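Everything below concerns the one structure shown next.
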Number of protein chains: 2
Amino acid sequence: MSIREVAKRAKVSTATVSRAIHHDSRVNSQTAERVWRAVRELNYYPNVHARSLASGRSHIAGLIVSDITNPFFPELVQGFAEAALESGYDTLVASTNYDAARTSLAIRRMLERKADGVAIMTSEMDESLIAELKNRNVPMVFLDVAAPGRLISNLRVDYADGVGTAVRHLISLGHRRIAFLSGPDNLKSARVRREAFLECLSNAGLAIEDPRMVTDGGHRIDGGFDAMQRLLALDERPTAVLASNDLTAIGALRAIRNAGLRVPEDISVVGFDDIQLAAFTDPPLTTVRLPRTEIAERAFECLARNMDLGQEDGAEPVIATKLIVRASTAPYRG
Amino acid sequence: MSIREVAKRAKVSTATVSRAIHHDSRVNSQTAERVWRAVRELNYYPNVHARSLASGRSHIAGLIVSDITNPFFPELVQGFAEAALESGYDTLVASTNYDAARTSLAIRRMLERKADGVAIMTSEMDESLIAELKNRNVPMVFLDVAAPGRLISNLRVDYADGVGTAVRHLISLGHRRIAFLSGPDNLKSARVRREAFLECLSNAGLAIEDPRMVTDGGHRIDGGFDAMQRLLALDERPTAVLASNDLTAIGALRAIRNAGLRVPEDISVVGFDDIQLAAFTDPPLTTVRLPRTEIAERAFECLARNMDLGQEDGAEPVIATKLIVRASTAPYRG
DNA sequence: GCTCGCGCTGTAAACGTTTTCGAGAATAAG
DNA sequence: CTTATTCTCGAAAACGTTTACAGCGCGAGC
């Protein structure tokens with residue numbers, strides 16, 4: 001089952017077998033056919049380790065995520081692995097668990113397995129760690145962190161647009177008093193979303209006068225619950241809220257129901273992310289979808305540019321969001 | 001950065017370096033120390049491809065699942081990968097998407113990457129496909145399919161016990177009219193759960209007289225919704241229901257609320273699986289947990305027995321379930 | 001007729017480890 | 001003191017590919 005046996009059966013040298021398998025145009029089509037027949041008859045497939053050793057290419061793409069258990073990631077993994085597979089790459093996924101030591105370990109594994117490229121889809125990533133990847137000239141792609149560079153790509157998510165369509169959706173439903181449940185300030189994406197919200201509202205002539213209308217939900221269910229309770233205690237409570245995150249929105253849903261009010265009749269709620277759970281809340285949550293599959297595919301494409309197409313520069317595609325209207329929003333009822 | 005440079009710096013042969021790295025007891029402790037120092041100074045790490053080629057062991061563990069997007073699997077993947085990592089294995093995960101062609105492709109990938117063992121955690125698996133793995137003597141472990149054999153292990157889930165504790169929980173709360181929302185009959189695990197339910201009830205002297213008290217929920221939310229509506233339409237409706245699956249239970253929750261009744265005051269509901277969503281339903285769902293992390297760890301252990309310990313036979317650990325009591329069950333109120 | 005180029009194929013040297021075999025030195029046994 | 005044994009190590013042969021390099025046959029150009 002080695003290349004030598006194929007060579008013997010096809011009555012050629014191993015070099016020719018190798019070339020035929022790689023569809024090298026230099027081999028005569030008849031010989032190639034002979035080789036392929038032998039391959040089929042012997043049910044031969046190449047030893048990837050020997051191949052990697054000789055060629056220097058592992059045909060492994062690395063994918064580093066924070067936590068595969070976080071509902072954001074499985075789709076990402078799936079999409080990436082799928083795209084990789086189509087280009088003949090296997091995917092090596094590593095989970096950092098939001099932990100520095102494990103992150104370092106993840107990088108090390110990528111290095112050891114000699115990944116041809118690695119997608120780093122987690123925010124907690126130290127500059128010093130990626131340095132080694134950079135030194136070894138392995139292409140990388142990040143999610144929304146920095147500018148692209150040599151062999152380094154970046155996926156830019158258009159959060160502002162996502163927030164914008166959500167806000168316009170609420171405005172078009174007649175809402176005027178719109179509150180925002182913000183996320184942790186140390187998260188760049190959370191900050192961007194809040195700023196976008198404020199700007200969008202003031203662009204529409206609805207600039208927020210009461211600062212309590214923007215309150216922290218911490219990107220968690222309980223945080224959203226508490227934050228919504230604060231909003232409900234206001235003299236003039238909002239008729240609609242936009243959450244920085246679906247979990248926050250779910251917490252808000254509970255708080256509203258808990259207060260004896262109804263969604264969407266009394267208050268409209270919009271989330272952000274479109275995690276799977278969002279479709280199963282009661283009522284199903286209107287939310288801004290972050291297209292995970294697309295992110296995954298773009299990420300691999302960026303790597304492929306460098307790995308297969310021989311490009312040296314990085315790309316920076318922008319990822320558009322999409323408003324998914326479900327049942328948690330309804331027209332304002334004066 | 002090759003073993004040769006380390007050898008040169010430590011003034012030994014590559015053989016000795018290799019041995020030292022593998023903590024071979026035959027190398028003198030002083031020379032070993034010299035080697036390790038050189039390794040550190042050069043920041044050397046071995047080339048896995050060369051290693052695999054020479055040793056014939058890839059240190060890759062395969063994991064085949066149906067659909068990583070299905071909330072059952074991420075934890076499984078995580079647990080498995082974690083356990084594998086601790087033993088120095090990287091995990092290659094493949095998703096079959098419930099599709100025969102992709103399943104075959106997954107197996108092929110395992111073969112090509114020369115996985116040292118593979119865990120097959122999906123039911124749709126053809127005998128003919130695993131034949132090739134068997135031929136190549138790669139250890140396998142399955143989830144609840146057949147008996148173990150040479151290099152083949154099986155994880156047996158104790159569904160009967162899980163159903164039993166759930167039923168006893170309801171009985172101890174005073175419930176006597178308990179219904180069952182069953183799953184698809186072509187799923188072995190679904191059949192087992194239903195049989196266990198019936199037997200458990202008759203053991204308690206509460207044998208079901210009305211066959212309509214066991215009705216198909218199809219393991220889906222909408223199926224559970226419809227099934228529960230049928231139960232609610234009965235003259236004597238149940239005071240508690242056990243679902244074969246959490247999704248079914250969630251559908252039931254909706255149907256009950258939809259009918260103007262309350263959980264758990266009017267009807268108690270118990271699910272099965274303990275998917276993440278179960279903790280976030282309203283009310284949070286009492287359910288029987290299928291310990292995914294434990295399944296994953298056991299699965300890897302089974303492989304490790306064969307891969308590292310040199311055992312030839314397969315194991316068959318049994319996986320115990322656990323009742324998670326949340327807020328969807330309450331004492332019967334006459 | 002000679003050279004050149006082209007199309008095709010084979011030889012053999014990598015790639016970086018592991019591992020067998022054997023040798024030399026030191027130690028123990030007799 | 002000789003012989004066996006144990007320790008420690010190195011030389012070199014795998015492992016199964018890829019890929020420079022060279023070679024061969026053959027038709028074309030001169």
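Just the heavy atoms: all of them, side chains too, but no hydrogens, waters or symmetry mates, feed the values below. Numbers restart at 1 for each chain; the letters A, B, ... are given by sequence-line order, proteins then strands. Fair warning: this is a prediction, and the values are worked out from it, not measured in the lab.
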For atom [atom1] of [X] and atom [atom2] of [N], their distance in whole Å:
X       : N       : atom1 : atom2 : value
M1(B)   : dT17(C) : CE    : P     : 10 Å
R4(B)   : dA11(D) : CZ    : C1'   : 12 Å
R51(B)  : dC15(C) : CZ    : P     : 19 Å
E112(A) : dG16(C) : CD    : P     : 16 Å
N28(B)  : dA25(C) : CG    : P     : 16 Å
D24(A)  : dT19(D) : CG    : P     : 10 Å
R113(A) : dG16(C) : CZ    : C1'   : 15 Å
K114(A) : dC15(C) : NZ    : C1'   : 11 Å

**Item:** Side-chain H-bond candidate by donor/acceptor type, N306(B) with Q311(B), under 3.5 Å
**Value:**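 No pair is found: no donor N or O on one side chain lies under 3.5 Å from an acceptor on the other.
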Within the 4.0 Å heavy-atom criterion, would you say [X] contacts the bases, only the backbone, or no part of the nucleic acid?
X      : result
H22(A) : sugar-phosphate
S52(B) : nothing
V48(A) : nothing
S2(A)  : sugar-phosphate
K11(B) : sugar-phosphate

Short side-chain N/O contact from [X] to OP1 or OP2 of [N], under 4.0 Å:
X      : N       : answer
Y45(B) : dG16(C) : no
T16(B) : dG10(D) : yes
S18(A) : dT18(D) : yes

[options]: which one has an atom nearest the side-chain heavy atoms of [X]?
X      : options                   : result
T31(B) : dC8(C), dT17(C), dT8(D)   : dT8(D)
L53(A) : dG10(C), dT17(D), dG16(C) : dG16(C)
V27(B) : dT19(C), dT17(C), dC9(D)  : dC9(D)
A15(A) : dT17(D), dT19(D), dT18(C) : dT19(D)
T14(A) : dA12(C), dG16(D), dG16(C) : dA12(C)
R19(B) : dT18(D), dT19(C), dG16(C) : dT19(C)

**Asked** Has the side chain of E5(B) got a donor or acceptor atom that lies under 3.5 Å from a matching backbone atom of M1(B)?
**Response**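 Side chain of E5(B) to backbone of M1(B): a pair is present.
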**Asked** Given that R26(A) and S13(B) both sit by DNA chain D, which one's nearest nucleotide is further toward the 5' end?
**Response**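 By nearest-heavy-atom nucleotide position, the 5'-most residue is S13(B).
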**Request:** Check whether any side-chain heavy atom of I21(B) lies under 4.5 Å from a side-chain heavy atom of Y44(B), and answer yes or no.
**Result:**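 Answer yes - side chains close enough.
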**Asked** Taking the side chain as C-beta and beyond, is there a heavy-atom pair between R292(A) and Q78(A) under 4.5 Å?
**Response**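 The answer is no; the side chains never approach within 4.5 Å.
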**Prompt:** Do the rings of F80(A) and F300(A) sit parallel, tilted or perpendicular, given the 30° and 60° boundaries?
**Reply:**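 Rings of F80(A) and F300(A): perpendicular, as their planes differ by over 60°.
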**Prompt:** Yes or no on salt bridge (charged side-chain N to carboxylate O under 4.0 Å, His left out) for D90(B) and R109(A), after CA distance, side-chain angles and deciding distance?
**Reply:** CA-CA 8 Å; D90(B) 274 324; R109(A) 285 170 56 206; 2.6 Å; yes
